[in-house]
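In this text the structure is predicted, and so the values were computed from the model without any measurement.
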Amino acid sequence: MIYSRIAGTGRYLPERVLTNADLEKMVDTSDEWIRTRTGVERRHIAADEQSTSDLCLEAARQAFDAAGVTKDDVDLIVVGTTTPDLLFPNIGTLIQEKLDIHGCPAFSVEAACTGFLYALSTADKFVRAGEAKCALVVGAEILSKIVDWKDRTTCVLFGDGAGAVILQPSEEQGIISTHLGADGQYKDLLYYPYGASKELHKTHLPDAKIMMKGNEVFKVAVKTLGGVAEEALRKNNIDKGALDWLVPHQANLRIIQATAKRLGLPMEKVILTVQDHGNTSAASVPLAFDVAVRDGRIQRGQLVLMEAFGGGFTWGSALLRY
Ligand code: ACO
């Protein structure tokens, strides 16, 4: 049996750092409120001239090096993002052009904070079907450009970044299974109200900001994340105790703690990076994964569960041996 296996990882965070103390000067908030309600301490903000595809480049190059491949080996590019540079060409092709890669399929999937897991699951199927031998899978986001910096209920939560992995075929176990889901009945709890076919033509965009019913998102997120994590273990007949690491979507410390508790996992087995970059949506899982691979916590052969939840709602998990 052929598996797809993560051969290398990379990440990029923009240079500019916005701390909770900086936010205290911008809106009526406090470091204490942000830390206790969300766990976030700082976030990285892209420069005006940077677009989401720019963030992907460094993450991709690091992943190439870690995997021992070059851009010429890449035969598939899949990007999870909700903040692409343009409506078209798709961001996969923009990354392709910037990396001087030609000819391979390149596309993006849009699933809000679950974008990376949707992208990983898609690329996994290409690799296992023998249709790709070196897939670049990226999760990237520049949320700072759609956040309303006067709205304290959302602006303290989000940040910018990119994370990437290279997937290659392997006879050894790699990605064991992925589990995706969605339920559009929750579309009004978390959304951005403008798009290509809806209202973009208007010259005044009074509501051009992320709309979120935070409390309700919180409740469904905790319930769903616990469920999708358990589904991955149950379908593979693997006990929770066998897990070495949980790499959750880095949205909010309290959501992560509640999910870990439901899984009976001690926080020492949970990779936590939300304090350093806030909620980077589709970038958050590969960012956290790369941090833990590079600092030596996640080792080859270990059993890892990734999971995410986002607007839609969408959700997903991936159980893998690194
Ligand atoms: N600073 C200070 N006070 C604030 C701030 C702020 N930044 N934001 C809201 N408040 C106030 C509110 O106005 C409210 O005041 P009131 O009691 O006088 O009315 C009070 O704090 C409590 O507000 P709540 O919304 O009840 O606070 P809660 O404990 O629910 O925390 C939060 C809010 C952090 C948004 C939480 O609901 C949450 O994390 N929800 C999940 C949202 C999320 O993660 N979304 C990301 C996308 S989905 C995903 O990635 C999972």
ask   = Passes side chain to side chain contact (heavy atoms under 4.5 Å, CB included), Phe107 versus Thr122? Steps please.
value = CA-CA 11 Å; Phe107 57 93; Thr122 305; 3.8 Å; yes
request  = Would you please test Val217 and Met212 for side chain to side chain contact (heavy atoms under 4.5 Å, CB included) and show each step?
outcome  = CA-CA 8 Å; Val217 173; Met212 184 178 74; 3.9 Å; yes
inquiry  = Between Gln299 and Val293, does the side chain to side chain contact (heavy atoms under 4.5 Å, CB included) criterion hold? Intermediate values first, please.
reply    = CA-CA 7 Å; Gln299 300 274 332; Val293 164; over 6 Å; no
key: Step-by-step side chain to side chain contact (heavy atoms under 4.5 Å, CB included) determination, Ile175 to Tyr3   = CA-CA 6 Å; Ile175 294 179; Tyr3 291 93; over 6 Å; no
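Counted within 6.0 Å of NZ on Lys261, heavy atoms from surrounding residues, nucleotides or ligands total 12 or fewer; the atom is thus considered open. At most 12 heavy atoms of other shown residues, nucleotides or ligands fall within 6.0 angstrom of atom CD in Glu15.
Judged purely by distance below 3.5 Å, without hydrogens or angles, the side chains of Glu110 and Thr82 never pair a donor atom with an acceptor atom. Side-chain atoms of Ser177 and Asn236 form a donor-acceptor pair, as typed in the model, at a separation below 3.5 Å. Side-chain contact annotation: Asp276 with Thr273, donor-acceptor N/O pair under 3.5 Å absent. Counted by atom type alone, Asp124 and Thr178 present zero donor-acceptor pairs between their side chains at under 3.5 Å. A side-chain donor from one of Lys98 and Ser53 sits under 3.5 Å from a side-chain acceptor of the other.
With Glu141 contributing its side chain and Ala282 its backbone, the two residues share a donor-acceptor pair below 3.5 Å. No donor-acceptor pair under 3.5 Å is formed between the side chain of Asp31 and the backbone N or O of Ala21. Judged purely by atom type and a 3.5 angstrom limit, Arg16 has no side-chain atom pairing as donor or acceptor with the backbone of Ala47. Here the side chain of Trp315 pairs no donor or acceptor atom with the backbone of Asp183 at under 3.5 angstrom. With Thr38 contributing its side chain and Arg35 its backbone, the two residues share no donor-acceptor pair below 3.5 Å. Counting only distance, with no hydrogens or angles, the side chain of Thr314 and the backbone of Ala111 share a donor-acceptor pair below 3.5 Å. Counting only distance, with no hydrogens or angles, the side chain of Gln96 and the backbone of Cys104 share a donor-acceptor pair below 3.5 Å. A donor-acceptor contact shorter than 3.5 Å links the side chain of Asp160 to the backbone of Ser144. Judged by distance alone, with hydrogens and angles left aside, the side-chain atoms of Asn252 form a donor-acceptor pair with the main-chain N or O of Arg37 at under 3.5 Å. No donor-acceptor pair under 3.5 Å is formed between the side chain of Gln168 and the backbone N or O of Arg5.
Each of Leu23, Asp148, Leu18 was compared with Cys155 under the side chain to side chain contact (heavy atoms under 4.5 Å, CB included) criterion, and only Leu23 meets it. Tested against Phe309 for a side chain to side chain contact (heavy atoms under 4.5 Å, CB included), the candidates Leu117, Val228, Leu225, Ile255 yield a single pass: Leu225.
Residues Val78 and Leu120 have side chains not in contact (no heavy-atom distance under 4.5 Å, counting atoms from C-beta outward). With contacts defined as side-chain heavy-atom distances shorter than 4.5 Å, the pair Arg152/Met26 does not qualify. Side-chain contact check for Ile2 versus Pro169: some heavy-atom pair is nearer than 4.5 Å. In this structure the side chain of Val109 never reaches within 4.5 angstrom of the side chain of Val79, judged on heavy atoms. Counting heavy atoms from C-beta on, the side chains of Tyr194 and Tyr192 come closer than 4.5 Å. Inter-residue side-chain proximity for Leu86 and Leu94 is flagged as met; some heavy-atom pair is nearer than 4.5 Å. Looking at heavy atoms from C-beta onward, Ile210 lies in side-chain contact with Leu190 at the 4.5 angstrom threshold. Looking only at side-chain heavy atoms (C-beta outward), Val247 and Val304 come within less than 4.5 Å of each other.
When all heavy atoms are compared, the tightest approach of Asn279 to Leu143 is O-CD1, 3.6 Å. Residues Ala288 and Gln250 approach most closely at CB-NE2, 3.7 Å, considering heavy atoms. For the residue pair Arg294 and Ala66, the shortest heavy atom distance occurs at NH2-CB, 4.1 Å. For Ala112 against Gly311, the heavy-atom pair with the smallest separation is CB-N, 3.4 Å. The two residues Arg297 and Gln302 have their closest heavy-atom pair at O-OE1, 3.2 Å. Shortest non-hydrogen contact noted between Ala119 and Val138 is CB-O, 4.5 Å.
The CZ atom of Arg321 sits 13.5 Å away from atom CD1 of Ile6, with the distance rounded to the nearest 0.5 Å. Rounding to the nearest 0.5 angstrom, the gap separating the SG atom in Cys56 from the CG atom in Leu136 is 8.0 Å. In this structure, CD on Glu230 lies 6.0 Å from CG on Leu263, to the nearest 0.5 angstrom. Atom CG of residue Asn90 and atom CG of residue Leu87 lie 11.5 Å apart, to the nearest 0.5 angstrom. Separation of atoms CZ (Phe116) and OG (Ser284) is listed at 10.0 Å; rounding is to 0.5 Å. Of the inter-residue distances, the one linking Ile176 atom CD1 with Leu319 atom CG reads 4.5 Å to the nearest 0.5 angstrom.
Under the rule for a side-chain contact (heavy atoms from CB on, under 4.5 Å), the partners of Asp72 that lie at least two apart in sequence or sit in another chain are Thr70. In this view, Asp188 satisfies the side-chain hydrogen bond (donor to acceptor under 3.5 Å, both in side chains) rule with no residue, not counting sequence neighbours.
Both Ile45 and Val274 belong to a common hydrophobic cluster when Ile, Leu, Val, Met, Phe, Trp and Tyr are linked at side-chain heavy-atom distances under 4.5 angstrom. Connection of Ile77 to Leu57 is established within a shared hydrophobic cluster, with ILVMFWY side chains joined at heavy-atom distances below 4.5 Å, either directly or through further cluster members. One hydrophobic cluster holds both Ile91 and Ile166 under the rule that ILVMFWY side chains link at heavy-atom gaps under 4.5 Å. Val270 is connected to Leu303 through a chain of hydrophobic side-chain contacts under 4.5 Å among Ile, Leu, Val, Met, Phe, Trp and Tyr, so both are in one cluster. Note on Leu305: it does not cluster hydrophobically with Val285, by side-chain heavy-atom contacts below 4.5 Å among ILVMFWY residues.
With respect to Lys269 and Asp244, no salt bridge is recorded, no charged nitrogen being found less than 4.0 Å from a carboxylate O. Contact check on Lys133 versus Asp75 returns no salt bridge, with no Lys/Arg side-chain nitrogen under 4.0 Å from an Asp/Glu carboxylate oxygen. A salt bridge between Lys125 and Glu131 is absent, with no side-chain N of the basic residue lying under 4.0 Å from a carboxylate O of the acidic one.
A ring pair (Phe, Tyr, Trp, His ring centres under 6.0 Å) check over residues 238-296, counting only residues at least two apart or in different chains, returns the pairs Phe289-Tyr322.
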